[in-house]
Amino acid sequence: MSDAKVHSVTPEWAERAFIDWDKYQEMYARSVEDPNGFWGEQAQRIDWIKPFTKVKNTSYDYHNVSIKWFEDGTLNASVNCIDRHLADRADQVAIIWEGDEPSDDKHITYRQLHEYVCRLANVMKAHGVKKGDRVTIYMPMIPEAAYAMLACARIGAIHSVVFGGFSPDSLANRIEDCRSDFVITSDEGVRGGRKIPLKANTDKAIERAEKDGASVRNVLVVKRTGGDVAMKEGRDLWYHEEIEKVEADCPPEEMGAEDPLFILYTSGSTGKPKGVMHTTGGYMVYTSITHQYVFDYHDGDIYWCTADVGWVTGHSYIVYGPLANGATTLMFEGVPNYPSGSRFWEVCDKHGVNIFYTAPTAIRALMGAGDEAVTKTSRKSLRLLGSVGEPINPEAWEWYYRVVGEERCPVVDTWWQTETGGILITPLPGAIAQKPGSATKPFFGVQPAVVDNEGNLLEGATEGNLVILDSWPGQMRTVYGDHDRFVQTYFATYKGNYFTGDGCRRDADGDYWITGRVDDVLNVSGHRMGTAEVESALVAHPKVSEAAVVGYPHNIKGQGIYCYVTLMAGEEPTDELKKELRNWVRSEIGPIASPDLIQFAPGLPKTRSGKIMRRILRKIAEDDFSNLGDTSTLAEPAVVDDLVEHRQNRA
Ligand code: WT7
């Protein structure tokens with residue numbers, strides 16, 4: 001887009017940042033021409049127990065997809081995040097915790113972090129958790145969630161963090177899939193003044209999972225609210241009691257660079273969520289380098305990423321990246337609008353936040369609440385703003401830049417995915433001019449490309465599907481327990497390349513504009529969801545015979561969830577039933593999957609072979625009736641007229 005607004009790098013930023021334009025070009029060229037040299041050097045930012053002798057060993061060949069980095073080196077991720085900082089910064093704050101209530105906060109130093117993580121690691125060991133075991137973490141945003149992740153890393157257990165907003169069923173599926181037998185949770189979570197029954201959900205989930213053959217040995221419970229919870233004798237343990245029984249030091253396990261660090265479940269276009277598996281060495285190198293350069297993190301900065309540790313953003317940019325860099329990272333338990341719409345900015349003032357990283361959906365919601373909620377706060381500590389999770393519309397970008405950052409803070413729009421481990425496309429703040437709505441240019445070692453639907457590489461200014469031509473150290477290694485699914489999902493569509501699932505445009509300056517998913521994955525408030533998951537939740541309801549789910553543009557959420565539902569013969573299509581179905585999906589998956597609009601559809605548009613024509617359903621949901629395309633191949637073309645009529649009547 002030639003008429004796009006450009007915010008050039010200011011001379012002050014080019015001067016102060018680690019990377020300016022010349023350095024970017026030089027380092028980028030080296031990173032793709034000599035990945036072994038480049039990453040071999042960059043990996044020195046991590047402390048290795050046994051140094052690696054090999055750097056890159058990766059293949060995108062469809063018949064032999066294999067990704068290994070630094071494969072013969074050994075290290076421990078928790079040592080890199082904690083122990084190695086003790087010599088210089090034991091008394092520096094590692095984690096600032098801001099509770100749901102503005103009066104509630106805590107500062108945890110690196111020395112304290114070391115003790116808490118070691119104690120928790122020893123508790124797990126005492127209860128039989130060993131290297132390679134899978135530990136499920138289902139927690140609110142409290143420091144113990146970070147301790148739990150790091151304690152797993154310390155003893156070589158593989159953590160699987162499940163977002164606290166997921167339902168018991170979703171938790172059960174994840175416990176089952178990775179056969180996890182140790183769960184860490186808390187009595188309740190608190191967000192926006194409301195309590196979330198995490199322990200009760202865990203009990204339900206385990207009951208469900210054990211019916212399916214899973215077996216959970218222990219549940220470790222952190223007391224957050226003191227609410228009443230049932231404790232099962234012999235299985236459930238109180239965290240505050242257990243940590244008193246063990247030593248304050250725990251020797252770290254020596255891990256291979258390619259030993260798994262964690263599994264994180266994410267939605268795809270088909271089937272159940274898959275366990276994205278990340279390993280240790282490459283992930284640590286990649287989260288550390290991106291955290292330093294993308295946020296231009298300097299010693300002493302206060303850094304705040306508002307994500308939840310249940311998502312990859314929380315893993316890479318609340319916990320591992322910042323702590324690997326010896327940063328002070330802020331962890332927030334609450335929500336942007338509690339007790340008021342000024343909360344984010346009040347927290348920035350209270351703790352002197354310099355670097356602030358959030359999602360477009362939050363920016364849009366706060367923009368809607370008016371400028372005054374922002375301008376009544378100081379925000380003078382802010383120096384850099386970041387955005388992640390979905391495309392940011394230029395209006396929201398400009399508001400963020402102008403009102404929140406007072407035109408003084410660069411905005412880094414960071415494109416990446418659960419699968420990529422860290423940020424792949426973003427303007428580096430001292431190097432690359434920002435364009436509202438564009439993630440701009442690739443990070444070191446990342447080679448994006450645009451292909452058409454046949455897989456032909458497109459040159460110059462163009463539009464198509466976003467692929468990556470070669471591996472970078474933070475890339476996922478496999479789908480846990482299903483390498484074939486990994487290959488089929490990411491390497492089968494455009495053979496020889498990693499397919500992101502996103503569409504994009506590249507402009508004449510070579511800047512990338514991510515336009516959103518081109519598959520059946522929704523992005524609702526920055527949360528990823530498969531249409532197939534919502535559909536299978538709907539058809540599990542006794543009154544539903546068929547369902548088709550599509551996304552439609554939503555002012556705040558980016559995308560909303562639009563459900564076409566066909567009822568069983570004889571069922572009445574009432575508003576009451578819509579409400580019931582909405583609640584049903586919430587309890588099957590979680591509140592983030594709440595349908596925004598439900599349309600009862602006596603019939604769905606299908607091809608003669610029975611395939612649902614989603615393209616048409618998407619258009620109807622978007623209120624775009626003029627562009628329905630060719631409907632002549634439909635088995636029953638009349639169902640389309642009926643759906644359109646009902647949509648227009650807002651039935
Ligand atoms: C999908 C990945 C990466 C952490 C949070 C989401 C979309 C993410 C951007 C951005 C446009 C973006 C993509 C991507 N996305 N960041 N800056 N601009 N789109 O991780 O849940 O794995 O979702 O989020 O569609 O594929 P995720």
Side-chain angles (χ1 to χ4, degrees), residues 161-163 165-166 262-269 273-278 283 286-287 290-291 294 305-321 357-364 385-394 396-397 400 411-427 432 434-443 446 448 465-468 474-476 479 489-490 493 498-506 511-530 533 551 557-559 592-593:
V161 182
V162 178
F163 174 57
F166 276 124
F262 66 84
I263 300 165
L264 185 56
Y265 286 85
T266 194
S267 300
S269 47
K274 39 184 180 300
V276 167
M277 195 185 90
H278 284 284
Y283 178 82
Y286 200 74
T287 53
T290 48
H291 174 262
V294 175
C305 164
T306 69
D308 190 286
V309 291
W311 311 113
V312 74
T313 311
H315 284 59
S316 301
Y317 298 114
I318 295 178
V319 180
Y320 289 109
Y357 189 31
T358 197
T361 188
I363 298 168
R364 286 191 297 264
L385 302 172
S387 169
V388 61
E390 51 177 315
I392 179 165
N393 46 312
W397 195 105
Y400 195 30
V411 173
V412 293
D413 175 2
T414 64
W415 175 85
W416 58 297
Q417 311 177 294
T418 306
E419 293 88 338
T420 69
I423 294 162
L424 294 200
I425 304 182
T426 186
I432 297 166
Q434 303 133 53
K435 292 178 186 169
S438 170
T440 72
K441 296 222 174 355
F443 191 76
V446 175
N465 305 297
L466 178 64
V467 299
I468 314 288
Q475 183 167 28
M476 75 182 282
V479 169
T489 307
Y490 304 105
T493 319
Y498 167 77
F499 178 40
T500 62
D502 279 323
C504 81
R505 189 153 50 84
R506 186 175 51 216
D511 287 328
Y512 287 84
W513 300 71
I514 313 298
T515 48
R517 303 289 305 198
V518 293
D519 52 12
D520 290 321
V521 171
L522 305 179
N523 192 327
V524 181
S525 299
H527 300 319
R528 191 165 149 178
M529 212 157 333
E533 279 171 81
K557 298 180 177 186
Q559 270 189 311
I592 57 169

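Numbering starts at 1 and runs along the sequence shown. Both counts, for ligands and for their atoms, begin at 1 and track the order of listing. Values in this document were obtained by computation on a predicted structure and should not be read as measured data.
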Colleague: Give the residue, atom name and distance (to 0.1 Å) of the protein heavy atom nearest atom 2 (C) of ligand 1.
Modeller: W416 O, 3.7 Å
Colleague: Donor-acceptor pair, distance only, cut-off 3.5 Å: does the side chain of H527 make one with the backbone of G389?
Modeller: no
Colleague: Any side-chain heavy atom of Y286 within less than 4.5 Å of one from T420?
Modeller: no
Colleague: Regarding Y490 and E419, is there a side-chain donor-to-acceptor distance under 3.5 Å anywhere?
Modeller: yes
Colleague: Which atoms of ligand 1 sit under 4.0 Å from any heavy atom of N523?
Modeller: 7 (C), 24 (O)
Colleague: Applying the side-chain contact (heavy atoms from CB on, under 4.5 Å) test to W416, which of V446, T290, T313, I425 qualifies?
Modeller: T313
Colleague: Give the residue, atom name and distance (to 0.1 Å) of the protein heavy atom nearest atom 6 (C) of ligand 1.
Modeller: G389 CA, 4.1 Å
Colleague: Between E533 and S267, is the side chain to side chain donor-acceptor pair (under 3.5 Å) condition met? List the steps.
Modeller: CA-CA 8 Å; E533 279 171 81; S267 300; 2.6 Å; yes
Colleague: Which protein heavy atom lies closest to atom 27 (P) of ligand 1, and at what distance to 0.1 Å?
Modeller: T418 OG1, 3.5 Å
Colleague: I'd like to know if R364 and E390 make a salt bridge, using a cut-off of under 4.0 Å between side-chain N and carboxylate O.
Modeller: yes
Colleague: Within a distance under 4.0 Å of any heavy atom of V312, pick out the atoms of ligand 1 and give their elements.
Modeller: 4 (C)
Colleague: Evaluate the salt bridge (charged side-chain N to carboxylate O under 4.0 Å, His left out) criterion for residues K435 and D511: first the C-alpha distance (whole Å), next the side-chain angles of each, then the deciding distance (0.1 Å), finally the verdict.
Modeller: CA-CA 9 Å; K435 292 178 186 169; D511 287 328; 2.7 Å; yes
Colleague: Just heavy atoms, cut-off under 4.0 Å: does T313 contact ligand 1 by side chain, backbone, both, or neither?
Modeller: side chain
Colleague: Could you tell me whether E390 approaches ligand 1 through its side chain, its backbone, both or neither, with non-hydrogen atoms closer than 4.0 Å?
Modeller: backbone
Colleague: Output the list of atoms in ligand 1 that are nearer than 4.0 Å to some heavy atom of I514, sorted by atom number.
Modeller: 11 (C), 19 (N)
Colleague: Give the residue and atom name of whichever protein heavy atom lies nearest to atom 11 (C) of ligand 1, and the separation in Å to one decimal.
Modeller: P391 N, 3.1 Å
Colleague: What protein heavy atom sits nearest atom 13 (C) of ligand 1, and how far away is it?
Modeller: D502 OD2, 3.1 Å
Colleague: Please could you name the atoms of ligand 1 that R528 approaches to less than 4.0 Å, counting only its heavy atoms?
Modeller: 2 (C), 21 (O), 22 (O), 23 (O), 27 (P)
Colleague: Under 3.5 Å, is there a donor-acceptor pair between the side chain of Q559 and the main chain of N523?
Modeller: yes
Colleague: Do any N/O atoms on D413 end up under 3.5 angstrom from N/O atoms on ligand 1?
Modeller: yes
